[in-house]
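One structure is given here, and the rest of the page talks about it.
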Amino acid sequence: MHSFHYNDGSLHCENVSLSALAEKYGTPLYAYSAGTIRDHFQKLDQAFSGVDHEVAYAVKANSNLSVLRLLVEMGSGFDIVSGGELFRILKAGGDPAKCTFAGVGKTRAEIEYALEQKIYSINVESEEEAAFINEVAGEMNVTAPIAFRVNPNVDAKTHKYISTGKSENKFGIDFDLIAGAYERASKLPNLQLKGLQMHIGSQLTAVDPFVEAVEKVAPLAAQLKSDYGIQFFSIGGGIGIVYDPALESGKADWWESQPEESRPLTPQKYADSVIPVLEPLGLKILLEPGRFIAGNAGVLLSRCLYEKKGTAKTFKVVDSGMHQLIRPALYEGYHEIVPVTEPAADGTVESVDVVGPICETGDFFCQNREIASFQPGDLIALMSAGAYGMVMASTYNSHPLPAEILVDGDEARLVRERQTFEDLIAPELL
Ligand code: LLP
């Protein structure tokens, strides 16, 4: 579910009017629903209540401090991928003992920071990295809790840039090599073999690749438990969300009217499919969802500046673009685009390209898409922009970063100020 709905002819986030937010804080503007984030966390948490588990939110999806604080309050764990993300968790009041640290390129400084903070586990992506962590831990006189990331060589059937579980991807250790990696690491004195991790990709909309991966890796997890006493098995993140039609799908009973095969991957369906394989292991199961928690919880609000009619196309030029939401340009990602003022049921629909101000042809939010007509001055919402939106934004072309708002019921709180021109140049030296 999510909490973006038309109310009295105007799009709202929970009980707050998005056009009122745009008036007050300007555009472009990211707005998030606290209620949706809580709901998604709880749904996943409850779906796995039959096994010992922890939901470890993938911080990379949306790392605003106030979003993290919300998840700290929910009791979430955290999957981090950098020293910077660990720093954010600490600032948000999170417990490092609930953090796992993933990523193929951890630096010495990051490893030292993670060990100083006594995080739950470092998820290791190569034997070389394990040897280095052993060395650093030795210098610090500590034991480093680690898990290897196994690459199960399973096709996640998602966009090639966000597929991670095939042998040709840079992630994890090949399934056929993993037993040897544990064997050799077990001889390193400063490592504790604490778990096993995998993550096959992001935005998976079918359950089958998850099941295939879990079935393939579960016997390995059982073996590692008996050989080395590992305590957890992390099955990664990757649960896909509905981008199209995001607005309709947020209505609680809308999916009931849709054919079974087109319904989204729900936490319950996911849990029901993998728990029978996981439960007998008797290990703590970690989940690392990012997009599922935050994706449908956010929108990017933008104002239309110009309409430009060419011989081939109509362009709607808006005040946000690929620098603030790069998913269409980078992954051919689809984001539903709706006018903030509710279009009449029999209103005009136009085939348009919605484009931003950046001097690149790839700077578009959609191409040749039939959408409800909007005009210069009108506000639009790019739906499902709560994950991998603001976190991937840049100041390319020297556009200051947008502000961010967190809505909770009737309240809207500024959780990141809009950058100014001065902020843009502040770190630079003349
Ligand atoms: N765990 C690991 C080890 C990961 O690498 C990722 C995402 C996750 C968990 C969370 O995956 P999620 O539940 O969000 O699918 N920027 C891309 C997505 C990149 C995902 C990177 N890794 C996009 O906008 O589609």
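Residues: numbered from 1 along the sequence shown. Both ligands and their constituent atoms are indexed starting at 1 by order of listing. The figures here come from the full heavy-atom set of this structure, side chains too, leaving out hydrogens, waters and symmetry mates.
Against a heavy-atom cut-off of under 4.0 Å, Arg327 is close to the following atoms of ligand 1: 23 (C), 24 (O), 25 (O). Short contacts between ligand 1 and Glu288, defined as distances under 4.0 Å to a heavy atom of the residue, involve ligand atoms 1 (N), 2 (C), 3 (C), 8 (C), 9 (C), 10 (C), 13 (O). Set against the non-hydrogen atoms of Met392, the atoms of ligand 1 under 4.0 Å away are 16 (N). Close approach to Gly237 involves these atoms of ligand 1, each under 4.0 Å from a residue heavy atom: 9 (C), 13 (O). Of all the atoms in ligand 1, the ones that sit under 4.0 Å from a non-hydrogen atom of Pro289 are 13 (O). Short contacts between ligand 1 and Asp79, defined as distances under 4.0 Å to a heavy atom of the residue, involve ligand atoms 1 (N), 2 (C), 9 (C).
Counting heavy atoms under 4.0 Å from ligand 1, residue Asn123 does not touch it at all. Heavy atoms from both the backbone and the side chain of Arg291 come within less than 4.0 Å of ligand 1.
Checked against Phe148 for a side chain to side chain contact (heavy atoms under 4.5 Å, CB included), the options Leu177, Ile178, Asn123 give a single hit: Ile178. For the salt bridge (charged side-chain N to carboxylate O under 4.0 Å, His left out) with Asp353, the qualifying choice from Lys313, Lys316, Arg369 is Lys313, the only one to do so. For the pairing with Asn134, the side chain to side chain contact (heavy atoms under 4.5 Å, CB included) check across Thr143, Ile146, Asn190 returns one residue only, Asn190.
Annotation: atom 7 (C) of ligand 1 to nearest protein heavy atom, Lys60 NZ, 3.5 Å. For atom 19 (C) of ligand 1, the nearest protein heavy atom (residue, atom name, distance) is Ile162 CG2, 3.7 Å. Atom 14 (O) of ligand 1 has its closest protein heavy atom at Tyr388 OH, 2.6 Å. Closest protein heavy atom to atom 8 (C) of ligand 1: His199 CE1, 3.4 Å. For atom 17 (C) of ligand 1, the closest non-hydrogen atom on the protein side is Tyr331 OH, 3.1 Å.
A side-chain donor-acceptor contact under 3.5 Å links His53 to the backbone of Asp45. At least one donor-acceptor pair under 3.5 Å links the side chain of Asn62 to the backbone N or O of Gly386. In this structure, the side chain of Glu14 engages the main chain of Gly35 through a donor-acceptor pair within 3.5 Å.
Atom CD1 of Ile122 is separated from atom CD of Glu110 by 10.0 Å, given to the nearest 0.5 angstrom.
Look at Phe292 and you'll find every heavy atom at least 4.0 Å from all atoms of ligand 1. Every heavy atom of Gly236 sits 4.0 Å or more from the atoms of ligand 1. For Arg149, the heavy-atom gap to ligand 1 drops under 4.0 angstrom.
Ligand 1 has a nitrogen or oxygen under 3.5 angstrom from a nitrogen or oxygen of Gly238. Looking at ligand 1, you'll find an N or O of Gly290 within less than 3.5 Å of one of its N or O atoms. The shortest N or O to N or O distance between Ser202 and ligand 1 is under 3.5 Å.
A salt bridge between Arg108 and Glu139 is present, with a side-chain N of the basic residue lying under 4.0 Å from a carboxylate O of the acidic one.
Checked against the 6.0 Å centroid criterion, the rings of Tyr120 and Phe232 qualify as a close aromatic pair. Centroid-to-centroid, the aromatic rings of Phe315 and Phe364 stay 6.0 Å apart or farther.
Ring orientation note: the planes of Tyr30 and Tyr32 are close to parallel, at an angle under 30° on the 30°/60° scale.
Looking at Ser234 and Glu288, their side chains do bring a donor and an acceptor atom within 3.5 Å of each other.
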